[in-house]
Every structure is written in C-alpha cells, then in structure tokens.
Engineer: 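Here's a structure for you.
Because the structure is a prediction, the values reported are computed rather than measured. Per chain, numbering begins at 1; letters A, B, ... match sequence-line order.
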2 protein chains.
Amino acid sequence: MTHPTTQPPQTTQTEVRLIRRPTGMPQADDFEFVTLAIPDLQADQVLIEATHLSLDPYMRGRMDDAKSYAAAVSLGTRMEGGGVGRVIATTSDKFQVGDTVFGMLGWATHAVLPATTLRRLDPTRAPVTTALGVLGMPGFTGWYGLTELGRPKAGETLVVGAATGPVGSMVGQLAKLQGLRVIGIAGGPDKCALAKDTFGFDDCIDHRAYNSVRDLRHAIAQAAPDGVDIYFENIAGKTLDAILPLMNTHGRIPVCGMVSWYNAGALGATSTTQGPDTLPRLWRTILVSRLSVNGFIISDHWDRYGAFLADVAPKLGHGITYHEDITQGLDQIIPAFQRMLLGQNTGKTIVQVA
Amino acid sequence: MTHPTTQPPQTTQTEVRLIRRPTGMPQADDFEFVTLAIPDLQADQVLIEATHLSLDPYMRGRMDDAKSYAAAVSLGTRMEGGGVGRVIATTSDKFQVGDTVFGMLGWATHAVLPATTLRRLDPTRAPVTTALGVLGMPGFTGWYGLTELGRPKAGETLVVGAATGPVGSMVGQLAKLQGLRVIGIAGGPDKCALAKDTFGFDDCIDHRAYNSVRDLRHAIAQAAPDGVDIYFENIAGKTLDAILPLMNTHGRIPVCGMVSWYNAGALGATSTTQGPDTLPRLWRTILVSRLSVNGFIISDHWDRYGAFLADVAPKLGHGITYHEDITQGLDQIIPAFQRMLLGQNTGKTIVQVA
C-alpha cells in the first residue's frame, strides 16, 4: 500500500449506552456514560473525533423494542445517531487526517467506522452542521415527502407541524417557493414568530394556546379559509384530530412522524380490542410499514369504465364469475337492504321489480 | 323531428321515499311507498319500467346528512340507486321502445330520465343484471381499486372482505388471475365455501367464528404466512384492527368502504376530543375526501439524495434558511434529547462535542 497508515493519537473515548428501555420520556438512568479504549484501526477504517451530534425524534423509536423500520438499539450498546467530526486517523486512502466527515458516529466523542459509510463535507460550501439538518436527513425528509408524496400545486394550502424544526421548516419554505399558502403549527409564540418572520410561513398556529381540538381546529380553519390540500404529518395527536375535517377532496397526507405520541404511551403494547389506541397504532403502522392508503370513489373514474369493460367482460366465465342475490318485489326492498347491511345476503343484491 | 314521440302507456308508478334519517339500521318507518302519476315526457326523455334495482352499501351513506362525497337524499324524495329496465316510451331518438337500459332509476317501478344519462344494454352479450354487479359499478370499483391503487404483483398476498360480494369477488378473482395468493373474509361457512369453491380464493376466514381481534388476526396470519401486501378495504371494524400488524412493508390499502361501521354509530357526530371514534372518523375522511396517506421512511430513498442536494443547496440563503439549537457538551445529550421530545428546542437540535 502506498498510503500511510495512521493510528490513533488518542487512546480513549466516551460513549453513551442505552442500558434500559425507557417508559415514556427517557430518563438519565436509562443510559450510562462509559469511557473505553479506542480500538486499533482495521483495513479501510477511519477514526473520527466527533464535533457535532444530531438529535432526532426517530431516536426515541430506536430505544423501544417494538417492530419498527429499523432494529432497536441493543441494550448495553452505543446509542445510534448521525454526526459530524474530524478524521484523526485513517487506514483508508479515501480520507485524510483533517477531513471533515458525516457518518453514523453514535452518541460518543469518537467513532471508528468503515470508510465506505462516511461522506466528506466541504466546509467552504456550507457550515458543516447543515449536514445534520437543512442539507442532511431532516431536510431531505421534508423535500422528498413534499415533492414525491405531497405533490404540491401553486395555490394550494399546506399545513405542517413542528414548523420551526428542520423537517417542518424545509417543507414550509419549499412549499412557499412553489406558490402554496403555508400554515405552520408550533408550540409557543416565539416559534410561531420564527416560522413567520424567518421561514416566511403565511401563518402559524400556536397549538399550546388551544386546549380543545375544537378550538385548535377553528384556528387552523381561519388560517386556511380554502381548506387544506396537504397535511405533512410529523406530529399527529391533537393536530391530526383537528385537521381531519378540514382536508380538501384529493388531499395528501405524507406521514413521516408522530412525535406527540412517541412518549404518550399511545404507541405502546398491541391491544387486542379496538379502543382509543387504535388510531395511533394505525398511524404508526402506516409509517413503519410505509403503507399507501388511498381513499377512492368510483364515480371519479368513469372515464376508465371502457377500459374496465374491455378487460373484464371477455373474462366472464373465463376466470371471472359472479353470484347474485335477487329478492322479488319492490315491496321487499327495505328488508332486502337491511339484510345486505347485516351481511345476510350472498353476492350482488338485486331487487327484481317487474 | 322524424322520429315518433311516444307517450306513456301507463299512468301511475310507485316509488319509495326517504322520509326520516335512520339512526343505525334503517327501518320501515324511515320510508314511505307512494303511488303517483307518471309525468308527461319532455324533450329527450325516456320512460323506463324498472325490472331490476341495485342495492349497494353506499346507499346507507346517502340516507345521512353528514358531509359525504355526494349529497344526501333529501327527505321526502325518491331513494337514489341504479337499476335496469325496459324503455316503454321515449322522446329521444337515441332509444327505442323495448330497449333494455341501465340508469339511475331510484327505488321505484318506473323512472323518467334524460336520454343522456342512460346506457343501452345488449342482453345477448351478458345477462342484463350484470350491469348492476360484475360488469357495473361494484365490479368496476373492484377493478379500479385493485389495478390502480393496489398495484398487484404476482406472488404477493391480498386480503379482501365481503369476499362473496360483487366488489370482493371481483377483487379476489382478478388478483388470482394475476398470480396473487388471495384470502377472503366473509360471514359464515357458506360464504367461505362460495369464496373458495366458486370464486377460487385460496382461503377464506369466517369472521363470525372469531370473537376477538386477536383470534381473527391469528386465523388471517395462518392463511397468509408471508404477510399481507394488499388489504382491499371495504368492511373496516374488527377486520381492519386484526390485519394491521400483518401488513408487509410497502403494503397498499385501497379504501372503498367500511360497511361494518355504517350502522354502528361509529361514523356519527364529530367528536371534539380524541376518543374511540377517531379511527372511524379518520378512515371515513380518507374515503370521503379520497385522501392519499403515505407512510415513508427517508432511508428507503437515499438514491434521491443527490437530487435533493442539487435542488436545495443552491437555495440556501435564497429562499431556504435554517435554524439550529446547539447544546454544548456530550454530558448534556440526555437533557437535550428530552427538551427536543418536549418541543422545548427551537430548530435543528445538535450537541456540540468538541
């Protein structure tokens, strides 16, 4: 090998380990701080001294054992997370000592990582902390969800929660640039001022100022007189409940988080009966399993009826059959309707009149 | 005009009027049967003698006053609905006496309708009642929802409720033709036998045989060992609750109905607090407003990260700004994380380590 192998100039690091699964809000006792040796570098590894660690709501999910889109952090191991740091030793020729990089450093002062998992940052292009926020995973989340799933159109109205956070502020600003009316939801008058004055939101609702869903709904409705076309969901809870009746036909709800439920116990154990926790479980399933849930009304789509007949009519008796449940007499129409609602019919319900 | 104008050979008709909005299951007293004169035909109208009337679950929704995708049936007027009948008089040259047509006849023995709203049926092509079911609105609903929103792929698993109904049996048979494993949900052993023996479903679960959500879930899970990729939703209730944890990543849920809730009061008055009825209200909103709800996890989409940077990085300071909330010291990471979960941070949360 023609490149020098550097080895650590420093021998110890401190990391934060998850040692107990939190109930509700994580507490200090759920973690321990451990000082340990920095291991020798293997081939194509890089030792990074962390300068900035990212904290993100998704980390709360990693502390739980429930099925999610990524494995839980194992007890006794370093908390996961992205961070920015300086390369202080390397056995890879892809990085040099002194480089600034982004990587999954975890909650720690140092990390040894495969070179393939790191991304070099150019501090002259943008402040390196932007790799954790506006130009990192949160900003990318807002951009992708709005662009691909929100499908914004000029003149529409968008609502996004956590308006001053890195996801919400990206969503709101991108939507403003595309000509939408943008309403933020945030906690407290200072954040609402920030959303409007710094991020250029048309309006911002302080959800703490409204105790009831009804009052919160009224405030959002006043800010969104034409209804809501896109609700970018990252908070759920009271805001979701408030906004549902305000959604316009053909509205879109990209679901990327539900932070108001993360500590409320609402996403906890799987219930075996339908109850108040069914909505949080539905919403979480939509997120974790990346479901597409689409309401549709067939009368919107009669332009496709010809395509349907062309496809299906030739299949009658050749792969497609049908079953009819025919009641005789108009005077029997109400009991026939009742039987259908009770599932006592079998097949297509028809009343023969003449 | 060169074509003869025919006038009614018969002078009276009987119709069923909605005279009271039902609470729960519709009762006979919610309707009245009225015999009235058949009006003279205006230009381009057709008088039809009904032979077959369609009964469909959506009609329950039309009896309520709540916001829906179509106006409620006004009290004192004829119940709406599709039907098949014979033309017995016409002032339109588009139809002849003796033609068999499909139209929105309503619950009645006769209807006078504009010629433009009618569709002529060919009784030699398929039995005319198929225009109400397998080749009509219900079959079209199943075809559209499965094809456009379900996006079926060979080898996947589909679950559909009301399996022997005109929507469910269409969905299941189409999915079988496309190589999916198809599980039906139906009420009672006879319907399950019909689903399997006549419609060719791979399996059918009798939801009446399972009292608890847990047991129903277990039965579905046994029939769907690879999980569920498409849940075609037309019943909701206990089945929705049972199936949620069985949904595979990137699953699809086309929502076209929720008949188990139509009479349960679950879709009733809008609550102002979050409670057990929030899920039914969410599900109904998704249907009525034709919402697209899409869960997404940004780590599925890193292939688009370059496109994001190319779009957004040049906008920093030119339409896109950002705000950071930086805490000093790794020893402060847990309180910083707590503050973020409580919304006490402002902007992107970062811990500065070195």
Side-chain angles (χ1 to χ4, degrees), chain A residues 28 49-53 55 69 107 109 133-134 140-141 143-144 149 164 166 173 177 187 213-214 241 244 247 249-255 272 274 276 278-279 285-287 289-298 301 308 319-320 322 333-334 337 340 343 346 348-354, chain B residues 28 49-53 55 69 107 109 133-134 140-141 143-144 149 164 166 173 177 187 213-214 241 244 247 249-255 272 274 276 278-279 285-287 289-298 301 308 319-320 322 333-334 337 340 343 346 348-354:
Chain A
E49 179 185 42
T51 57
H52 298 87
L53 301 181
L55 289 179
Y69 47 87
W107 292 13
T109 57
V134 64
F140 180 40
T141 300
W143 178 86
Y144 182 87
L149 303 174
T164 60
Q173 292 179 94
L177 288 173
V213 168
R214 183 205 302 257
D241 209 10
L244 272 180
M247 290 301 298
T249 298
H250 300 302
R252 286 83 69 195
I253 307 184
V255 180
T272 56
Q274 192 157 324
T278 303
L279 176 61
T285 302
I286 289 172
L287 172 62
S289 296
R290 294 84 127 182
L291 302 183
S292 295
V293 181
N294 291 278
F296 74 103
I297 304 291
I298 199 60
H301 304 292
F308 158 69
I320 301 279
Y322 61 99
I333 195 166
I334 292 164
F337 189 67
M340 183 191 67
T346 300
K348 169 62 196 167
T349 305
I350 292 171
V351 174
Q352 186 159 5
V353 179
Chain B
E49 179 185 40
T51 57
H52 298 87
L53 302 181
L55 289 179
Y69 47 87
W107 291 13
T109 58
V134 64
F140 180 39
T141 300
W143 178 86
Y144 181 87
L149 302 174
T164 59
Q173 292 180 95
L177 288 174
V213 168
R214 185 204 302 259
D241 210 10
L244 271 181
M247 290 300 298
T249 298
H250 301 301
R252 285 84 68 196
I253 306 183
V255 180
T272 57
Q274 191 155 326
T278 303
L279 176 61
T285 302
I286 289 172
L287 172 61
S289 296
R290 297 86 126 177
L291 301 183
S292 295
V293 181
N294 292 277
F296 74 103
I297 305 290
I298 198 61
H301 305 291
F308 158 68
I320 302 280
Y322 62 100
I333 196 166
I334 293 165
F337 188 66
M340 184 192 66
T346 299
K348 169 62 197 167
T349 304
I350 292 172
V351 173
Q352 185 159 6
V353 179

Engineer: Among all residues two or more places apart in sequence or in another chain, which pass the side chain to side chain contact (heavy atoms under 4.5 Å, CB included) test with B:Glu49?
Structural biologist: A:Ala354, B:Arg86, B:Ile88, B:His110

Engineer: Return the OH to CZ distance between A:Tyr144 and B:Phe296, rounded to the nearest 0.5 Å.
Structural biologist: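 Output value for this atom pair is 8.0 Å.
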
Engineer: Ignoring hydrogens and geometry, is there a side-chain-to-backbone donor-acceptor pair from A:Lys348 to B:Thr164 under 3.5 Å?
Structural biologist: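 Between the backbone of B:Thr164 and the side chain of A:Lys348 there is no qualifying donor-acceptor contact (under 3.5 Å).
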
Engineer: Where on A:Leu55 is there a heavy atom nearer than 4.5 Å to chain B: the side chain, the backbone, both, or neither?
Structural biologist: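 Both the backbone and the side chain of A:Leu55 come within 4.5 Å of chain B.
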
Engineer: Taking every non-hydrogen pair under 4.5 Å, which of A:Gly295, A:Gly251, A:Pro254, A:Pro166 racks up the most with chain B?
Structural biologist: A:Gly295

Engineer: Can you measure from CG (B:Leu53) to CZ (A:Phe337) and round to the nearest 0.5 angstrom?
Structural biologist: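 Going from CG on B:Leu53 over to CZ on A:Phe337, the span is 12.5 Å.
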
Engineer: Select one option (side chain, backbone, both, neither) describing which atoms of A:Thr346 are under 4.5 Å from chain B's heavy atoms.
Structural biologist: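 Both backbone and side chain of A:Thr346 come within 4.5 Å of chain B.
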
Engineer: Answer with side chain, backbone, both or neither: which region of B:Leu177 has an atom nearer than 4.5 Å to a non-hydrogen atom of chain A?
Structural biologist: side chain

Engineer: I need the A:Ile320 CD1 to B:Gln173 CD distance, nearest 0.5 Å.
Structural biologist: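 These two atoms lie 4.5 Å from each other.
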
Engineer: Within the structure provided, determine whether A:Ile253 and B:Ile286 are in side-chain contact (heavy-atom separation under 4.5 Å).
Structural biologist: no

Engineer: Only pairs of heavy atoms separated by less than 4.5 Å count here; which of A:Gly187, A:Ala28, A:Gly133, A:Ala50 has the most with chain B?
Structural biologist: A:Ala50

Engineer: Of all the heavy-atom pairs spanning A:Phe308 and B:Val134, show the shortest one and how long it is.
Structural biologist: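 Result for this residue pair: CZ-O, 3.3 Å.
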
Engineer: Who passes side chain to side chain donor-acceptor pair (under 3.5 Å) against B:Thr141, sequence neighbours left out?
Structural biologist: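 B:Thr141 satisfies side chain to side chain donor-acceptor pair (under 3.5 Å) with no other residue.
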
Engineer: Nearest 0.5 angstrom please: A:Met247 CE to B:Thr285 OG1, how far?
Structural biologist: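 Answer for the CE-OG1 pair, A:Met247 versus B:Thr285, is 9.5 Å.
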
Engineer: Give the minimum heavy-atom separation between B:Ser292 and A:Asn294, together with the two atoms involved.
Structural biologist: OG-OD1, 2.9 Å

Engineer: Looking at A:Gln352, A:Met340, A:His250, A:His301, which makes the most heavy-atom pairs under 4.5 Å with chain B?
Structural biologist: A:His301

